[in-house]
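Remember, it's a predicted structure, so these values are computed and weren't measured experimentally.
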Amino acid sequence: MPFVKYPTTAEPLWHEWDRKAQKSGLRHTVYAVNGDQYTGEWLDNLKHGKGTQRWKRTGAIYNGDWKFGKRDGYGSYSIPDPVTKEYKKVYTGWWKNDKKCGYGTTLYPGGEYYEGEWSSGLRSGWGRMYYRDGSIYEGQWLADQPCGQGMLRLPNENRYEGGWKDGKKHGPGKFFYLDTGQLFEGVWAADIPKYGIMIDFGRDEAPAATQYPIPKV
């Protein structure tokens with residue numbers, strides 16, 4: 001029987017089997033040295049497809065789509081309640097390159113809530129924010145701040161409609177004082193009204209109308 005010399009660089013067969021299994025998209029559970037855990041699909045040794053990641057340090061869980069090792073597609077991010085230890089979803093929506101991107105909803109501490117568009121992990125585009133004091137902002141966002149055109153409705157139903165910049169009223173706008181039946185229309189700069197006119201607006205139906213009407217110019 002002739003002697004056959006095998007290449008010394010040949011890998012064990014299980015290496016090849018493992019690569020084939022991961023490239024085929026089969027589900028595997030992998031534990032990291034720091035205790036993190038991932039269960040899901042793989043491609044070329046990267047998380048790819050459907051999978052669930054659990055971070056040991058924070059206890060947070062992501063369940064959804066992956067693309068070449070990063071969260072990409074649709075998924076939810078949950079954290080445990082510090083008191084009850086029960087999990088609650090803090091973000092559900094779209095991701096790109098491991099960051100919130102596209103339409104999604106976020107629940108903030110204290111019950112504040114945002115639903116709308118995201119870009120690179122920040123609120124950008126159109127969105128609606130429900131604040132703790134009962135105020136609601138609906139309109140355009142940029143880099144996590146109201147920017148562009150939007151409306152802020154206060155708990156007493158008074159509201160501002162107009163321009164925003166860096167989270168503050170900026171540019172032409174209208175402020176409706178529905179409690180007194182008045183309307184201020186003017187121009188704002190960094191939340192401060194610079195000039196404009198005040199007129200009566202539905203004064204007869206206002207719950208706390210001023211004693212005397214505003215004289216017409």
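What you find for S76 and K89 is that their closest heavy atoms are OG-CE, 4.0 Å. Looking at every heavy atom in both residues, Y114 comes nearest to G127 through OH-CA, 3.5 Å. Residues K194 and A189 come closest through the heavy atom pair CE-CB, 3.7 Å. Taking every heavy atom of both residues into account, Y77 and R71 meet most closely at CD1-NH1, 3.8 Å. Of all heavy-atom pairs between R153 and R159, the closest is CA-CB, 4.0 Å. Taking each heavy atom of E112 and R132 in turn, the nearest pair found is OE2-N, 3.1 Å.
Classification of K169 and D191 as a salt-bridged pair holds, one side-chain N sitting under 4.0 Å from a carboxylate O. With salt bridges taken as basic N to acidic carboxylate O contacts below 4.0 Å, none links R54 and D36. Under 4.0 Å is where a charged nitrogen must lie from a carboxylate oxygen, and between D144 and R123 at least one such pair does. A salt bridge links R128 to E115: one of the charged nitrogens lies within less than 4.0 Å of a carboxylate oxygen.
Checked by atom type, the side-chain pair Q37/K56 shows no donor-acceptor distance below 3.5 Å. A donor-acceptor contact closer than 3.5 angstrom is absent between the side chains of S124 and S119. A donor atom on one side chain and an acceptor atom on the other are not found under 3.5 Å apart for D72 and N97.
The hydrophobic clustering, which links ILVMFWY residues whose side-chain heavy atoms are closer than 4.5 Å, places M129 and Y91 together. Taken together through direct or relayed side-chain contacts under 4.5 Å among Ile, Leu, Val, Met, Phe, Trp and Tyr, W118 and W126 form parts of separate hydrophobic clusters. Grouping the Ile, Leu, Val, Met, Phe, Trp and Tyr side chains by contacts below 4.5 angstrom, directly or via other members, places I136 with L107. Transitive grouping of hydrophobic side chains (ILVMFWY, heavy atoms separated by less than 4.5 Å) brings F184 and L152 into a common cluster.
Shown here is D166, whose CG atom has no more than 12 heavy atoms of other residues, nucleotides or ligands within 6.0 Å. Around atom OH of Y31, no more than 12 heavy atoms belonging to other residues, nucleotides or ligands sit under 6.0 Å away.
Taking the six-membered ring where the residue is Trp, the centroids of Y38 and W66 are separated by under 6.0 Å. Between Y62 and W55, a ring centre-to-centre spacing not shorter than 6.0 Å is recorded. Ring centroid separation for the pair Y74 and W94 comes in under the 6.0 Å cut-off.
Under the 3.5 Å distance criterion, the side-chain polar atoms of H48 are matched with a main-chain donor or acceptor of F68. Using modelled atom types, one side-chain atom of D81 and one backbone atom of V83 make a donor-acceptor pair closer than 3.5 Å. In terms of modelled atom types and a separation under 3.5 Å, the side chain of W95 and the main chain of G75 share a donor-acceptor contact.
A distance of 11.5 Å separates CD1 in I192 from NE2 in H170, rounded to the nearest 0.5 Å. One finds the CG atom of L154 at 9.5 Å from the OH atom of Y177 (value rounded to the nearest 0.5 Å).
Aromatic ring pairs are classed by plane angle as parallel below 30°, tilted from 30° to 60° and perpendicular above 60°; the pair W188 and Y160 is perpendicular. Ring geometry, W164 versus Y137: the interplanar angle exceeds 60°, so the pair is classed perpendicular (tilted spans 30 to 60°).
Hydrophobic cluster of I199: the remaining members, joined at side-chain heavy-atom separations below 4.5 Å, are F176, L178, L183, I197, F201, listed by chain and number.
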Q: Would you please test K88 and E86 for salt bridge (charged side-chain N to carboxylate O under 4.0 Å, His left out) and show each step?
A: CA-CA 7 Å; K88 58 181 180 180; E86 294 182 357; over 6 Å; no
Q) side-chain contact (heavy atoms from CB on, under 4.5 Å) between K100 and T106: does it pass, once the steps are laid out? A) CA-CA 10 Å; K100 303 169 188 173; T106 290; 3.8 Å; yes
